[in-house]
Trainee: 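Please find one structure pasted underneath; my questions will follow.
Owing to the predicted nature of the structure, the values given are computational and were not obtained by experimental measurement.
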Amino acid sequence: MIRRTLLCLLIAGLLGPAIVNAQEVLLGIFAHPDDEGIVGPVLARYAREGKSVTVVMATDGRLGVNEFSGYSAGDELAAVRREEMNCAAEKLGVELVHLEYFDQFNSAEGYDGFIPQLQGLIRDIARIIEEKQPDAIVTFGPDGVSNHMDHQLVSSSVTQALVSREWDDPPALYYFGIPASTLDEDARTLRGVRDDYLTVRVPFTEEDAEKAIEAWQCHVSQFGPDAAGWMRSRMDALGGMLHFRPFGTPTGMSDTLFR
């Protein structure tokens with residue numbers, strides 16, 4: 001955020017040329033190890049272009065059991081998924097901040113288990129934004145892509161952390177979205193976003209797609225033997241483009257709820 005202010009000062013002739021190389025910063029904030037894959041090609045693109053890219057992972061993935069991995073839910077799986085996430089971050093060329101919240105944020109323990117976890121997450125996200133000073137943040141939309149509660153909670157927590165305070169130079173916030181026009185009627189209702197809301201459309205190259213696939217393949221505990229083919233099909237279906245909905249910043253005051 002400070003970088004943009006410095007750049008304006010430079011253009012005005014008030015700072016020296018050393019500021020020219022101020023690096024743009026992207027922050028991706030997601031729930032589980034492997035969630036970064038939904039925007040993997042864009043993360044890879046900006047890392048390749050020399051941006052500073054950091055991925056924040058909220059949970060340890062301890063509940064990510066499936067029929068082929070042989071792992072049970074718990075500490076062992078959490079440790080495996082942490083190493084898989086380290087591998088994926090290295091492949092993408094991004095920095096990783098891996099928080100230690102449990103999947104579902106202790107919701108099984110009721111109010112006293114869940115609320116402290118969620119409030120801790122909001123505080124941590126606000127702290128990370130303050131430390132990293134991002135120019136842009138990407139996260140899930142309110143739909144959570146798959147309606148997963150953890151995805152939706154991360155989305156709302158990022159939004160709350162951003163709108164809760166005055167930032168010197170607030171970062172732009174973008175929600176990843178699936179164009180409604182590409183989905184059938186039921187899927188559109190559950191997780192689609194009307195195409196004209198997705199006004200930020202970021203292209204990526206075949207090289208970026210390959211990096212994303214390599215990173216996805218780090219998550220061995222989550223993807224079966226046919227994962228590489230499935231990942232390639234998904235990359236092809238994206239058509240070299242990812243879609244985002246910008247978070248709307250108010251532009252004025254009003255005294256009515258009706259337009």
Trainee: Are Asp124 and Gln119 packed together at the side-chain level, in the sense that at least one heavy-atom pair is separated by less than 4.5 angstrom?
Mentor: no
Trainee: List the steps and the verdict of salt bridge (Lys or Arg N to Asp or Glu O under 4.0 Å) for Glu206 and Arg232.
Mentor: CA-CA 11 Å; Glu206 181 65 23; Arg232 167 51 58 195; 3.1 Å; yes
Trainee: Do Thr159 and Tyr175 meet the criterion of a side-chain donor-acceptor pair at a distance under 3.5 Å?
Mentor: yes
Trainee: Kindly indicate, with the supporting measurements, whether the criterion salt bridge (Lys or Arg N to Asp or Glu O under 4.0 Å) is fulfilled by Asp60 and Arg82.
Mentor: CA-CA 7 Å; Asp60 58 14; Arg82 184 171 292 273; 5.8 Å; no
Trainee: Group every Ile, Leu, Val, Met, Phe, Trp and Tyr by side-chain heavy-atom contacts under 4.5 Å, then state whether Val145 and Leu183 land in the same group.
Mentor: yes
Trainee: Stepwise, does the side-chain contact (heavy atoms from CB on, under 4.5 Å) test hold for Thr139 with Val154?
Mentor: CA-CA 8 Å; Thr139 189; Val154 166; 3.8 Å; yes
Trainee: Please tell me if the side chains of Met149 and Gln104 come closer than 4.5 Å, counting only heavy atoms from C-beta onward.
Mentor: yes
Trainee: Looking at Val202, Val55, Leu26, Leu242, which hits side chain to side chain contact (heavy atoms under 4.5 Å, CB included) with Val39?
Mentor: Leu242
Trainee: Can you check side-chain contact (heavy atoms from CB on, under 4.5 Å) on Phe204 and Leu238, steps first, answer last?
Mentor: CA-CA 10 Å; Phe204 58 87; Leu238 291 172; 4.0 Å; yes
Trainee: Taking Arg127 first and then Glu131, would you say they form a salt bridge - that is, a charged N and a carboxylate O separated by under 4.0 Å?
Mentor: yes
Trainee: May I have the step-by-step check of side-chain contact (heavy atoms from CB on, under 4.5 Å) for Val65 and Leu77, ending in yes or no?
Mentor: CA-CA 8 Å; Val65 297; Leu77 180 55; 4.0 Å; yes
Trainee: Are the side chains of Pro171 and Leu162 in contact, using a 4.5 Å heavy-atom criterion?
Mentor: yes
Trainee: State, yes or no, whether a side-chain contact exists between Thr54 and Val94 at a heavy-atom distance under 4.5 Å.
Mentor: no
Trainee: Identify whether NZ of Lys or CZ of Arg in Arg201 sits under 6.0 Å from the centre of the six-membered ring of Phe244 and within 45° of that ring's axis.
Mentor: no
Trainee: Side chains of Thr189 and Asp186 only: does a donor on one sit below 3.5 Å from an acceptor on the other?
Mentor: no
Trainee: Flag the pair Asp34 and Arg81 as a salt bridge only when some basic side-chain nitrogen lies within less than 4.0 angstrom of an acidic carboxylate oxygen.
Mentor: yes
Trainee: Using side-chain heavy atoms (C-beta onward) and a distance below 4.5 Å, is Leu99 in contact with Ile128?
Mentor: yes
Trainee: Hey, what do you get for CZ (Phe247) to OG (Ser155), rounding to the nearest 0.5 Å?
Mentor: 10.0 Å
Trainee: In the structure I gave you, are the side-chain heavy atoms of His32 and His151 within less than 4.5 Å of one another anywhere?
Mentor: yes
Trainee: Taking C-beta and beyond as the side chain, do Glu95 and Val53 meet within less than 4.5 Å on heavy atoms?
Mentor: no
Trainee: Might you point out which heavy atoms bring Met241 and Pro203 nearest each other, and give the distance in Å?
Mentor: SD-N, 3.7 Å
Trainee: Strictly distance-based, threshold 3.5 Å: is any side-chain N or O of Ser157 a donor or acceptor partner for the main-chain N or O of Leu121?
Mentor: no
Trainee: Does Ser52 offer a backbone N or O that forms a donor-acceptor pair with the side chain of Glu24 under 3.5 Å?
Mentor: no
Trainee: Taking all atoms of both residues into account, what is the closest heavy-atom pair of Ser221 and Val80, and its distance?
Mentor: CB-CG1, 4.2 Å
Trainee: Closer than 3.5 angstrom, by distance alone: can the side chain of Glu36 be matched with the main-chain N or O of Pro33 as a donor-acceptor pair?
Mentor: no
Trainee: Would you sort out whether His243 and Tyr174 count as a side-chain contact (heavy atoms from CB on, under 4.5 Å), showing the intermediate values?
Mentor: CA-CA 9 Å; His243 298 73; Tyr174 299 99; over 6 Å; no
Trainee: Any donor-acceptor pair under 3.5 Å linking the side chain of Arg62 with the backbone of Phe102?
Mentor: no
Trainee: Is any side-chain heavy atom of Met235 closer than 4.5 Å to one of Pro41?
Mentor: yes
Trainee: If I take atom CG from residue Asp208 and atom NZ from residue Lys211, how far apart are they, to the nearest 0.5 angstrom?
Mentor: 9.5 Å
Trainee: Is it the case that the side chain of Asp103 and the backbone of Leu63 share a donor-acceptor pair, with hydrogens and angles ignored and the cut-off at 3.5 Å?
Mentor: yes
Trainee: List for me each residue that meets side-chain hydrogen bond (donor to acceptor under 3.5 Å, both in side chains) alongside Ser156, sequence neighbours excluded, and say none if there are none.
Mentor: none
Trainee: Under the 3.5 angstrom rule, does the side chain of Ser107 hit a backbone N or O of Phe114 as a donor-acceptor pair?
Mentor: no
Trainee: Measure centre to centre between the rings of Phe30 and Phe140, then say whether the value is under 6.0 Å.
Mentor: yes
Trainee: Starting at CZ of Arg48, measure out to CG of Leu92 and round the result to the nearest 0.5 Å.
Mentor: 12.5 Å
